[in-house]
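What follows is a set of notes on a single structure, which appears directly below.
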Amino acid sequence: MDPRSEMYKNRYKNFILVATVPVFVFYVTFMIVPIGMSFFYSLFDWAGFTSDMEFVGLGNYSSLLFKDDLFRRTILNSLKYVFYGGILIFGITLLFTYRISNFKSKRLKDFIQMLMFVPNTISPVALGIGWTFLLNPRWGAFNNLIDTLGLSSIKRPWLSEEFIFGSMMSLLVWIHVGFFLVMFLAAADRIPYSLYESAQLDGASSWKMFMTITLPLIRDIISTSVVMWIIFSFKIFGYIFAFIGGAASDPPVSIRNIAVQLYLTGFGKRTPLYRLGYASGMGIILLLLVVILIYVFQRLFRTTEAIEF
């Protein structure tokens, strides 16, 4: 064997080792260990700031899933964010992708992407509070605009129990459409134009080209984006926490997800609760829900067809 080849092989192995070990240590330290500790604490009735820990086994999980109506409501809200939000966000994003990808001017494309991405550069707390002001039923800009247009019949108390979830969802859709639009357009731009030229010669319309060329070739980006949305939707915190209540009160139950309920249970807001053992159980259930949903989605949308261009 060539000694020089053996030397390069050893250097390559050493490089892989040096590059991998720190990442592995970081992952174990800040991911695996905290998850393990959370599961351990979830087996106890523990306030979090004392050494007084009463072992309850799976009692916290039993209470959460079968006795805690408020937590079950937050699970339902979380799933509504995932599915309703996903349908709206990706439906609107795909429509924008279809229209914008047909623009001839690259400057116009870039300007619209930048404009729609702007909400992602603003603090979630600022957006949550700002959206509350816009939708205030008495003096909010949205209802004032409706009055100006002479459409007073469609005015609604947007922050009431009946409409508040939809109001919260409108904020999330507005923010995340711009985020995923940038990803979809970047994927569409990498498709060779020759494929569209061939389709045009065959008489295909722009919509048919989008459905038969663009969508299949950005399928991997769409799949990745859906997984990201599943994770994002369960992690939503700042927008909900600041919506309506801000620093004055707890977020309404109608819009709470598991992440917000976990924080309120562990630490409280106006009234401290300090039930960190119980809250740790919520965290483990949250993790399991995310893993299950991502697994189911990937099984449903798995394809063995390799698309190349």
Side-chain angles (χ1 to χ4, degrees), residues 64-65 68-93 95 116 119-120 122-146 151-180 225-226 228-265 268-270 279 282-283 285-286 289-290 292-293 297:
L64 284 168
L65 296 174
D68 193 334
D69 293 335
L70 182 56
F71 180 69
R72 289 202 298 269
R73 177 100 180 257
T74 61
I75 292 178
L76 178 61
N77 287 343
S78 298
L79 295 175
K80 287 164 67 176
Y81 284 126
V82 172
F83 292 106
Y84 294 167
I87 291 170
L88 288 171
I89 288 170
F90 292 109
I92 295 171
T93 302
L95 288 175
M116 297 193 67
N120 292 275
I122 302 174
S123 164
V125 174
L127 288 173
I129 295 175
W131 209 251
T132 302
F133 280 104
L134 286 174
L135 296 179
N136 188 285
R138 289 180 295 177
W139 40 262
F142 188 66
N143 273 349
N144 287 338
L145 176 62
I146 291 176
L151 301 173
S152 300
S153 60
I154 66 173
K155 286 177 62 176
R156 296 291 185 274
W158 305 111
L159 302 182
S160 66
E161 178 76 15
E162 183 180 0
F163 297 100
I164 191 171
F165 185 86
S167 299
M168 184 72 245
M169 186 65 72
S170 67
L171 171 61
L172 298 177
V173 170
W174 175 58
I175 294 166
H176 289 90
V177 162
F179 179 85
F180 291 114
S225 298
V226 172
M228 291 176 65
W229 169 246
I230 292 173
I231 297 171
F232 286 173
S233 58
F234 277 104
K235 287 170 51 181
I236 295 168
F237 183 83
Y239 304 114
I240 298 174
F241 206 70
F243 200 67
I244 294 187
S249 61
D250 295 341
V253 175
S254 304
I255 61 172
R256 289 186 201 175
N257 63 355
I258 300 176
V260 172
Q261 186 61 27
L262 187 158
Y263 175 82
L264 293 175
T265 303
K269 195 172 181 184
R270 302 184 71 184
M282 293 184 182
I285 292 174
L286 171 59
L289 280 173
V290 172
I292 291 170
L293 282 177
F297 168 77

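What you see is a predicted model, and the numbers here were worked out from it, not measured in a lab. Just so you know, these numbers use all the heavy atoms, side chains as well, and skip hydrogens, waters and symmetry mates. Position 1 is the first residue of the sequence; numbering continues from there.
Rounded to the nearest 0.5 Å, atoms CG (D68) and OG1 (T265) are 7.0 Å apart. Separating the OG1 atom in T93 from the CE atom in M116 is a distance of 7.0 Å, to the nearest 0.5 Å. With values rounded to the nearest 0.5 angstrom, T74 atom OG1 is found 9.5 Å from L262 atom CG. Atom CD1 of I255 is separated from atom CD1 of I240 by 6.0 Å, given to the nearest 0.5 angstrom.
The side-chain heavy atoms of F71 and I285, taken from C-beta on, include a pair separated by under 4.5 Å. For the pair P124 and F241, the minimum side-chain heavy-atom distance is 4.5 Å or more. Here the side chains of N77 and Q261 are not in contact, with every heavy-atom distance at 4.5 Å or above. Under the 4.5 Å side-chain criterion, counting only non-hydrogen atoms from C-beta, I258 is in contact with I75. The closest side-chain heavy-atom distance from F234 to Y81 is not below 4.5 Å. Looking at heavy atoms from C-beta onward, W174 lies out of side-chain contact with I92 at the 4.5 angstrom threshold.
The two residues P137 and P157 come nearest to each other via the heavy atoms CB-CA, 3.9 Å. Across all non-hydrogen atoms, the minimal contact from L135 to L159 is O-CG, 3.9 Å. Considering all non-hydrogen atoms of both residues, M169 and K80 come closest at CE-O, 3.8 Å. Residues T132 and A242 approach most closely at OG1-O, 4.4 Å, considering heavy atoms.
The aromatic rings of H176 and F179 lie perpendicular to each other, with more than 60° between the two planes, well past the 30° mark. Note on ring orientation: taking the six-membered ring where Trp is involved, the planes of F90 and F180 are tilted (angle from 30° to 60°).
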Check your understanding: Between L88 and L172, is a side-chain contact (heavy atoms from CB on, under 4.5 Å) present by the stated rule, with each step listed?
Key -> CA-CA 10 Å; L88 288 171; L172 298 177; over 6 Å; no
Review point. Please walk me through it: do V290 and K235 pass side-chain contact (heavy atoms from CB on, under 4.5 Å)?
Key: CA-CA 10 Å; V290 172; K235 287 170 51 181; over 6 Å; no
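A side-chain donor-acceptor contact under 3.5 Å links N257 to the backbone of I236. In this structure, the side chain of R72 engages the main chain of L65 through a donor-acceptor pair within 3.5 Å.
I146 meets the side-chain contact (heavy atoms from CB on, under 4.5 Å) test with F142, N143, L151, I154, K155, W158; sequence neighbours excluded. With sequence neighbours left out, I175 forms a side-chain contact (heavy atoms from CB on, under 4.5 Å) with P119, N120, L127, L171, Y239. Qualifying side-chain contact (heavy atoms from CB on, under 4.5 Å) partners for S153, counting only residues two or more places apart in sequence or in other chains: none.
Under a cut-off of 6.0 angstrom, the local environment of CZ in F237 is crowded, with over 12 non-hydrogen atoms contributed by other residues, nucleotides or ligands.
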